[in-house]
Amino acid sequence: MPLKKKIRDLMIPIDKYASVFPDATLKEAAMTLRASHCELETGMCTEAGPRTVLVADENCKLLGILDFKCFLETLIPEIAGGLSAKLSALGVSIAFAQADAEALDESRLGFQARVIKNAETKVRDIMLKVRGTIDADASVMDGLKKMFRNKIVVLPVYEGDKLVGVLRDTDLFLAVTDVFEG
Amino acid sequence: MRKNDKLWMIILFCLFSLMLLASPAFADASAVAASDGHAWWFWPLVLLIVTFIMGVVAVLAGVGGGVLFVPIISGFFPFHLDFVRGTGLLVALSGALAAGPGLLKLNLASLRLAIPVALIASTCAIIGAMIGLALPTNIVQICLGATILGICALMLTAKKSEVPDVPKADKLSSMLHIYGVYQEASTGEIVDWKVHRTPMGLALFVLIGVMAGMFGLGAGWANVPVLNLLMGAPLKISVATSKFLLSITDTSAAWIYMNKGCVIPMMVVPSLVGIMLGSFVGVRLLKIAKPGFIRWMVIGILAFAGIKALSKGLGF
């Protein structure tokens with residue numbers, strides 16, 4: 001019965017998951033995610049590769065998570081950012097314009113130059129907080145409850161104090177829809 | 001920003017507005033507005049329209065909103081100078097607060113440079129605000145006129161240097177660790193910068209602080225030349241740090257004006273909304289074209305406003 005599986009049966013083991021240090025730049029994190037996402041996509045084409053990167057320190061302590069939205073909001077804040085990011089970008093442009101130095105405003109640079117510049121942002125400045133973890137021996141139902149109650153798409157999986165893997169909404173989707181296959 | 005944060009911000013804004021609307025200053029202003037024969041909404045509407053145009057023009061001409069606001073509103077509108085200066089400070093402050101977080105995030109506003117300068121400038125801005133409110137209006141009017149004419153001269157003559165040559169950092173700046181690095185986004189070049197002539201620069205910020213507090217002009221017009229030309233900070237760092245600096249300096253002075261009842265919501269709200277909306281439109285227009293005559297026109301208007309302030313103060 002698929003729903004009798006344990007979380008450890010569904011999770012991606014931590015050694016196969018993308019992770020970066022908090023002091024890494026967004027560019028380094030993006031390259032790591034691209035590599036792991038595409039690698040798993042190729043290897044397991046029916047199950048999408050990781051859509052997030054874990055941020056952990058040297059002692060493997062999980063500090064945060066980066067998802068695609070984090071990347072895009074930081075790389076192209078004028079389009080993907082929220083209202084405050086857009087207003088902030090406008091405020092900077094106004095500051096340079098009012099100083100008669102609009103040529104120095106970086107928002108006037110081309111798309112590529114702005115993305116490259118924004119990619120220098122440190123991961124620790126934009127990472128999302130970890131909102132909930134789950135035990136490796138917990139059931140699929142526990143995973144579903146935790147994911148939907150906390151409105152998240154990935155759950156770090158722990159065995160005692162040790163981070164052992166990551167459970168994604170994709171894994172739960174596959175586990176639940178396994179019932180159709182009898 | 002999460003939905004809840006936005007909701008809290010809106011609620012706090014509404015509460016703050018209600019508190020201001022309930023203040024005695026608001027009642028006084030309404031009484032004054034009603035007594036000059038116009039409906040209560042007349043002057044706020046005029047302010048909204050004028051400051052909107054001012055916002056557009058300020059961005060296109062390359063001057064701060066506060067620099068335009070105080071001379072023009074005090075020269076051509078029937079408001080007392082104290083209220084105009086109080087509003088002018090908040091107008092300058094709004095632009096600085098809008099830009100501050102972004103400039104810090106981009107690593108362009110340097111905290112190492114801003115903090116010692118802000119300490120001096122904000123202290124002096126408080127003193128300036130107190131002097132400005134204590135002196136007779138005609139004296140302040142004369143000083144304001146002279147300052148505006150000085151700003152015109154500065155706008156006509158001041159040059160800029162993108163990365164000034166600083167052969168050696170002076171002792172004080174080394175002690176205060178005023179140096180930094182930034183990456184030039186257009187070329188990818190890493191620019192190491194340091195400053196010199198720090199004692200002279202800090203001394204000038206005493207004067208800048210007093211003038212910012214006394215006249216409510218903002219102080220970007222003076223900050224940038226001092227940071228860039230005198231102290232040798234790169235232009236990008238100077239502009240960004242100057243804007244960030246304004247948020248500290250003007251806040252200090254604004255408290256004094258607020259405490260003395262010189263911040264009237266009937267003036268402040270339309271002015272802030274107008275200038276910010278105007279600036280947003282100005283930035284969009286700037287991406288299409290920058291008509292050179294606008295700067296000359298602004299210098300002309302400022303010179304006229306300066307002479308008017310002088311003549312008002314001298315009683316001609």
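It should be emphasised that the depicted structure is a prediction, and the values quoted were computed from it without experimental measurement. Residue numbers start from 1 in every chain, and the chains themselves are labelled A, B, ... in the order their sequence lines are given, proteins ahead of strands.
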Worksheet entry | B:V283 versus chain A, the contacting section by heavy-atom distance below 4.5 Å | side chain
Fill in: Closest heavy-atom pair and its distance - A:S88, B:G102
OG-CA, 3.2 Å
Worksheet item: With chain B, which of A:A89, A:S93, A:A95 has the greatest number of heavy-atom pairs at distances under 4.5 Å?
Response: A:A95
Worksheet item: Given side chains that start at C-beta, do those of B:N107 and A:E120 come closer than 4.5 Å, heavy atoms only?
Response: no
Worksheet item: Which of these passes side chain to side chain contact (heavy atoms under 4.5 Å, CB included) with A:V92: B:V239, B:L108, B:L106?
Response: B:L106
Worksheet item: Considering residues, nucleotides and ligands other than A:F173, do more than 12 of their heavy atoms fall under 6.0 Å from its CZ?
Response: no
Discussion item. With chain A as the partner, which of B:A99, B:G95, B:A240 has the greatest number of non-hydrogen pairs under 4.5 Å?
Written reply: B:A99
Worksheet item: More than 12 non-hydrogen atoms from neighbouring residues, nucleotides or ligands closer than 6.0 Å to NZ on A:K117, yes or no?
Response: yes
Item to complete: Pick one of side chain, backbone, both or neither for B:K105, based on which atoms fall under 4.5 Å of a heavy atom in chain A.
Response: neither
Worksheet item: Top residue by heavy-atom pair count (under 4.5 Å) with chain A, among B:L235, B:V224, B:L286?
Response: B:L286
Practice prompt. Just give me the residue among B:M155, B:K287, B:K160, B:M276 that pairs up with chain A most often, heavy atom to heavy atom, under 4.5 Å.
Written response: B:K160
Worksheet item: Just wondering, do B:E162 and A:L104 contact through their side chains at under 4.5 Å, heavy atoms?
Response: yes
Discussion item. Any non-hydrogen side-chain atom of A:Q98 less than 4.5 Å from a side-chain atom of B:V63?
Written reply: no
Item to complete: Check whether any side-chain heavy atom of B:K243 sits under 4.5 Å from a side-chain heavy atom of A:F96, and report yes or no.
Response: no
Discussion item. Measuring from atom CG of A:L87 to atom CG of B:L97, what distance do you get when rounded to the nearest 0.5 angstrom?
Written reply: 12.5 Å
Worksheet, complete the sentence: Most heavy-atom pairs under 4.5 Å with chain A, out of B:L60, B:L246, B:V67, B:L103, belong to B:L103
